[in-house]
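See below for the structure under consideration.
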Amino acid sequence: MPDGADPTPRRMVPRHVAVIMDGNGRWAAKRGLPRLAGHRRGVEALRGVVEACPDFGVETLTLYAFSTENWRRPPDEVHGLMQLFRRYLRREAAELAEKGVRVRFIGDRAALAPDIRALMAGVEERTALGERLTVVMAINYGGRADILAAARALAADAARGARDPAEVDEATFEAALQTAGLPELDLVIRTSGEQRISNFLLWQAAYAEFVFAPELWPDFDRDAFARALAAFGARERRFGAVRA
Ligand code: IPE
Ligand code: IPE
Ligand code: MG
């Protein structure tokens, strides 16, 4: 096709990227370190990707930090991860706010410790005016739980006569999900070579592109992120239609 002849200009840079930050445990095991050492290095990788987003033109970054299934891990690992969240939320809030990053959380907070919930609320409040980048942290998040909670809320509305079930459409349903108001999900990156969704954004990923990066999460640096974004740029998204 000659230059400029593409009739449907497409966005080469994804607006909304979600990342399944996987491989911390293997990163540590390779070095004979405890798994928690891998999680600690994972926080550093997270910092790097957050910083790169505005440079690369990504507007929303959703990070899978803890799944509803991760409670199945040994108690000391769960405890260590919770400690890391605490430390991250305490230490980074000011810098995130300063950098124009707005932080939001998705996931069921009820199961989290009250002090973590308070830290989360504080970070959301402190960063509420950020306009350079939105970071969505998925903590105790599960795609099925998200969908179920939305269905339950809509059913409750209908049961008390506040909503006509026949009028529940995709937009209504989407607005009842925890991701309400975020841009359409364009790209899901999973690190560490695993190729599955592990109960992440099940509804939201309907037409997302997937990039499975070979790097373990602590090794996922700016260059690896750039490669994943370049892979997205080379994809042809069809959304069920036929491209002219
Ligand atoms: C991802 O790394 C971090 C979390 C799930 C919190 P893993 O801990 O799953 O690392 P691997 O998959 O065991 O290597
Ligand atoms: C997915 O990784 C969850 C997070 C990255 C937070 P897991 O390591 O928990 O997923 P599985 O168990 O390999 O599917
Ligand atoms: Mg894993």
Side-chain angles (χ1 to χ4, degrees), residues 16-50 53 60-92 103-113 116-117 119-120 123 135-148 177-179 182 185 187-205 208-221 224-225 228:
H16 184 178
V17 177
V19 185
I20 303 176
M21 309 182 287
D22 198 13
N24 294 349
R26 277 162 284 168
W27 183 95
K30 266 184 20 190
R31 290 162 177 79
L33 297 169
R35 293 177 57 83
L36 213 55
H39 295 316
R40 253 181 250 121
R41 285 298 290 263
V43 175
E44 281 168 43
L46 180 156
R47 249 181 233 127
V49 168
V50 167
C53 278
T60 303
L61 176 71
T62 299
L63 298 164
Y64 206 8
F66 195 89
S67 74
T68 48
E69 287 74 36
N70 285 145
W71 298 106
R72 295 176 185 155
R73 295 189 177 201
D76 62 332
E77 182 172 349
V78 170
H79 181 259
L81 283 165
M82 295 299 154
Q83 277 299 108
L84 272 182
F85 297 149
R86 281 189 181 90
R87 210 187 305 160
Y88 179 81
L89 296 173
R90 258 190 227 121
R91 289 190 185 166
E92 317 272 318
V103 181
R104 246 175 90 159
F105 297 93
I106 55 172
D108 181 9
R109 299 182 197 206
L112 302 175
I116 294 185
R117 279 171 9 215
L119 282 167
M120 287 160 72
V123 170
V135 170
V136 182
M137 304 225 175
I139 301 182
N140 194 22
Y141 180 85
R144 287 182 172 176
D146 193 3
I147 292 169
L148 265 178
L177 292 168
Q178 293 202 308
T179 48
L182 297 175
L185 181 58
L187 170 65
V188 177
I189 300 171
R190 183 170 188 146
T191 58
S192 85
E194 303 293 347
Q195 303 191 0
R196 56 179 169 268
I197 196 161
S198 298
N199 198 18
F200 197 22
L201 300 161
L202 299 179
W203 168 286
Q204 297 84 347
E209 295 292 326
F210 283 77
V211 168
F212 299 105
E215 296 85 3
L216 300 173
W217 175 249
D219 294 326
F220 193 79
D221 58 12
F225 190 30

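These numbers come from a predicted model, not from an experiment. Whatever order the structure lists ligands and atoms in, that order sets their numbers, starting from 1. These numbers come from the heavy atoms of this one structure, side chains and all, not from hydrogens, waters or symmetry mates. If you read the sequence from its start, that first residue is 1, and numbering goes on from there.
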Can you name the closest pair of heavy atoms from Arg117 and Ala110 and give their distance?
-> NH1-O, 3.3 Å

Between Val78 and Asn70, is any pair of side-chain heavy atoms under 4.5 Å apart?
-> no

Quick one: does Tyr64's side chain get under 4.5 Å of Leu201's, heavy atoms only?
-> no

Step-by-step side chain to side chain contact (heavy atoms under 4.5 Å, CB included) determination, Leu216 to Thr191 | CA-CA 6 Å; Leu216 300 173; Thr191 58; over 6 Å; no

Note, Leu112 side chain near Phe66 side chain (heavy atom, < 4.5 Å) | no

Under 6.0 Å from the CZ atom of Arg86, do we count more than 12 heavy atoms belonging to anything else shown?
-> yes

Just list the N/O pairs, ligand 2 to protein, that are under 3.5 Å apart, with the distance for each.
unit_1	atom_1	unit_2	atom_2	d
ligand 2	8 (O)	Asp22	OD1	3.2
ligand 2	8 (O)	Arg73	NH2	3.2
ligand 2	9 (O)	Asn70	ND2	2.9
ligand 2	9 (O)	Arg73	NH2	3.2
ligand 2	10 (O)	Arg190	NH2	3.2
ligand 2	10 (O)	Ser198	OG	3.4
ligand 2	13 (O)	Arg196	NH2	2.8
ligand 2	14 (O)	Arg196	NE	2.8
ligand 2	14 (O)	Ser198	OG	2.6

Backbone or side-chain N/O/S of Asp22 under 2.8 Å of the Mg ion (ligand 3) | yes

